[in-house]
Structures are given as C-alpha cells and as structure tokens.
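Okay, structure first, notes after.
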Amino acid sequence: MVSGLLRVWKCRLALVHLRTRNRFTPCLLIILGGSASGPLAEKVSKELGLKPGRLEIKNFPDGEMYVRIHEDVRDQDVAVIQSLYGPNCNEKIFEYLLLVDTLRDLGARSITGVAPYLAYARQDARFYPGEAITPSSLARMFEAAGTTSFLTIDWEPHRLGGVAKVFKIPAQNLSAMPLLGQYAREHLAPRNPIVIAPDAGAENLAAAVAKELDGEYFVFQKKRVRKEGTTTTKITVDAVEVEVKGRDAVFADDIISTGTTIAEGAKVCRNRGAKRIFALCTHPVLGQGAIKRIRSAGVSKVIGTDTIPSPVSRVSVAPIIARAIRLQNSDSRP
Ligand code: R5P
C-alpha cells in the first residue's frame with residue numbers, strides 16, 4: 001500500500017517535472033541565424049515560439065570578420081542556422097566556424113549546427129589521387145570548432161555512406177520532399193501524376209513526393225562522364241519503360257544547379273507526350289541560365305525551398321528544422 005502510494009507520488013513528480021520542462025524548455029534554447037539565413041532563422045524561431053537570438057556580424061575594411069553574440073549563452077542550448085550556398089560559401093563557412101567557436105568559448109551547453117544547404121557535397125569521393133574529400137573535411141572542421149550535433153536537408157553523400165557516417169557527432173539529414181509534395185498537391189494539382197527521380201540518387205526523394213501525391217514514381221538513369229582536369233558533364237537519360245503519355249510529370253531532385261539534369265529528363269517526358277511537366281527541388285542553386293534551360297525543355301513550373309533564397313523558393317523548410325530542434329532539445333535536458 002505504502003509502496004503503491006510512493007509510486008503514484010513519484011509518477012506525479014515526474015509529470016510535474018515534464019510539464020515544467022516543456023513550459024520552460026524554450027527559454028533554454030537560443031536560435032541564432034548567420035548572415036546567410038537571417039529570415040529563415042526568424043521563421044524557425046517563430047515556429048518554436050521564440051525570438052531569434054541577437055548577434056552582430058560585420059566586416060573590417062580589409063575583409064576580416066567581426067562577430068559578437070548579444071545573448072547570454074552560458075549553459076544554454078544554441079542552434080546556429082547558416083545555409084552554406086554560394087557565392088561566397090567559403091565566407092559563410094568561416095562565419096559559421098567563428099560563431100560556433102565563440103559560442104563554445106562563451107560556455108554554451110550544446111551547439112546544434114544547421115546548414116540547410118551544405119556546401120562541398122559534390123566531392124564525396126577521391127576520384128583522382130590527392131583530391132580532397134570535401135564533405136569529410138567540412139565535418140571535421142565543424143566538429144573541431146565545437147558543433148555538438150548537426151542538421152542538414154536533403155544532403156546524402158552516398159559514396160560516404162550518408163550524413164551520420166560523415167560526422168562523428170549526432171548528425172541528421174532531414175527531407176523537404178514531403179513539404180514540396182504537399183505544395184505540389186495544393187498548388188499544382190497534377191493530374192494522373194508520375195513522379196520522376198532524374199537519377200538513382202533521387203529515388204527516395206521521388207518516393208516521398210509520390211506518397212504526398214498519391215501517385216507512382218519512376219527512376220531515370222543518368223550517366224556522367226568525367227574527364228580529368230575538366231568539369232564537363234554529359235547527361236543521358238535512358239527511360240525506355242516509363243509511360244508518361246497524357247500524364248503530368250513531376251521531377252523531384254535535391255539540387256537544380258545548371259538545370260541540365262531536369263532539362264534532359266523533361267525532354268524525354270515531352271517527347272513521350274507528357275501533358276504538363278513540373279520540377280521540385282530542395283536547393284535551387286540555379287546557376288545562370290538554369291531556369292531558361294528548364295523552361296525551354298518544357299517545364300512549366302519550378303518550385304524550390306528557402307534553403308537558398310531564390311525566385312522559385314515557394315516552400316519554407318522552417319517547420320522541419322523547428323521540429324528537429326524541438327525534438328533534439330526535449331531529448332537533451334535531463
Ligand atoms: C546530383 O546528381 C544531383 O542530384 C542533381 O541532380 C544535380 O546536382 C543537378 O545538377 P544540374 O542542375 O547541374 O544538372
């Protein structure tokens with residue numbers, strides 16, 4: 001009887017602790033947006049019911065960087081959001097490193113690095129002797145600076161076995177594809193859709209979009225020809241079996257850079273009688289001429305997210321970042 005009462009009392013105590021923790025957890029979390037991701041950090045903070053942390057970043061006349069964090073971060077959990085897109089991705093990376101190192105120096109309890117777009121993902125293998133495997137180099141630098149956990153979005157260095165293998169700290173690859181799929185469903189309303197992964201690496205992305213559209217997906221084959229000393233890439237799409245006639249084709253890819261991949265795929269669909277062609281991507285890198293190239297190939301709408309601010313960034317990744325930070329934070333406090 002006494003032990004039963006004791007158990008109930010302990011349970012109540014645990015419940016009070018949980019409620020208290022949930023109510024007060026936000027005060028122990030600080031969201032800082034680097035200069036590349038101020039608006040996104042504001043959105044993430046809003047999702048979490050917080051005000052974004054205040055910081056100051058400027059450059060001295062000779063280009064050196066000045067960083068000042070206007071928050072008391074001692075013993076706080078801090079998330080630094082900094083998307084590492086170009087141009088000047090190297091500066092963004094250095095700013096990130098400076099911020100994280102300063103946070104550690106100021107006694108932050110944990111530092112979650114959030115790089116919605118992670119630079120240097122291309123070189124995920126040593127194709128020729130002596131080359132840098134840049135995702136691994138970046139991960140080591142982030143860890144050395146003081147990052148204690150890491151989040152990115154739709155970034156899967158397949159040859160290195162995924163994000164969790166590249167980092168030694170807990171690292172997670174989130175996906176924007178469900179949000180892009182929802183957007184497509186609500187705003188593009190594709191009819192009898194076929195979702196297309198333009199290459200094998202995008203299969204999971206296409207599957208996630210197909211789920212949202214309640215449709216099927218198909219994976220195209222893409223071949224790249226590498227020539228030492230040049231960056232020329234040849235893309236061919238071999239899609240003998242796919243039936244797209246009279247259907248709306250929806251491409252799903254992580255990155256649109258030159259637009260060649262989507263354009264080549266779109267041509268196949270157009271030649272096979274697809275009705276409308278849409279392209280969804282997480283990271284609209286959009287090099288010069290990319291949109292024109294894609295449009296001329298028959299794509300009527302390109303939709304991206306705000307991991308990289310661009311004219312096609314219609315979907316915000318703030319909700320998925322906020323959810324991941326919230327989960328992480330509620331797990332981390334004793
Ligand atoms: C790599 O294979 C990626 O998944 C994308 O398909 C690629 O980065 C797109 O590049 P681009 O737009 O230049 O063809």
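Counting starts at 1 for both ligands and their atoms, following the listed order. Both backbone and side-chain heavy atoms feed into the values below; hydrogens, waters and symmetry mates do not.
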### ligand 1 contact by K222, heavy-atom criterion under 4.0 angstrom
yes
### Task
Would you indicate which of D253, T261, I262 comes nearest to atom 5 (C) of ligand 1 when only heavy atoms are counted?
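Shortest heavy-atom distance from atom 5 (C) of ligand 1: D253.
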### Message
At under 4.0 Å between heavy atoms, is it the side chain or the backbone of V285 that contacts ligand 1, or both, or neither?
### Response
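The answer is neither.
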Which atoms of ligand 1 are found less than 4.0 Å from any heavy atom of [X]?
X    : value
G259 : 11 (P), 12 (O), 13 (O)
D254 : 3 (C), 4 (O), 5 (C)
I256 : 12 (O)
D199 : 2 (O), 4 (O), 6 (O)
I255 : 5 (C), 7 (C), 8 (O), 9 (C)

### Message
Checking K92 now: which residues fulfil side-chain contact (heavy atoms from CB on, under 4.5 Å) with it, not counting sequence neighbours?
### Response
A36, Q82, L84, Y85
### Task
Could you pull out the closest heavy-atom pair between I325 and A79, with the gap in Å?
CD1-CB, 3.8 Å
### Task
Return yes if some donor-acceptor pair links the side-chain N/O of R247 with the main-chain N/O of P193 below 3.5 Å, else return no.
yes
### Query
Are the aromatic ring centres of F278 and F251 under 6.0 angstrom apart?
no
#### Entry: ILVMFWY cluster membership beyond Y66 - transitive side-chain contacts under 4.5 angstrom
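Hydrophobic cluster check, Y66: joined to F60.
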### Query
Between F142 and F167, how do the two ring planes meet: parallel, tilted or perpendicular, split at 30° and 60°?
tilted
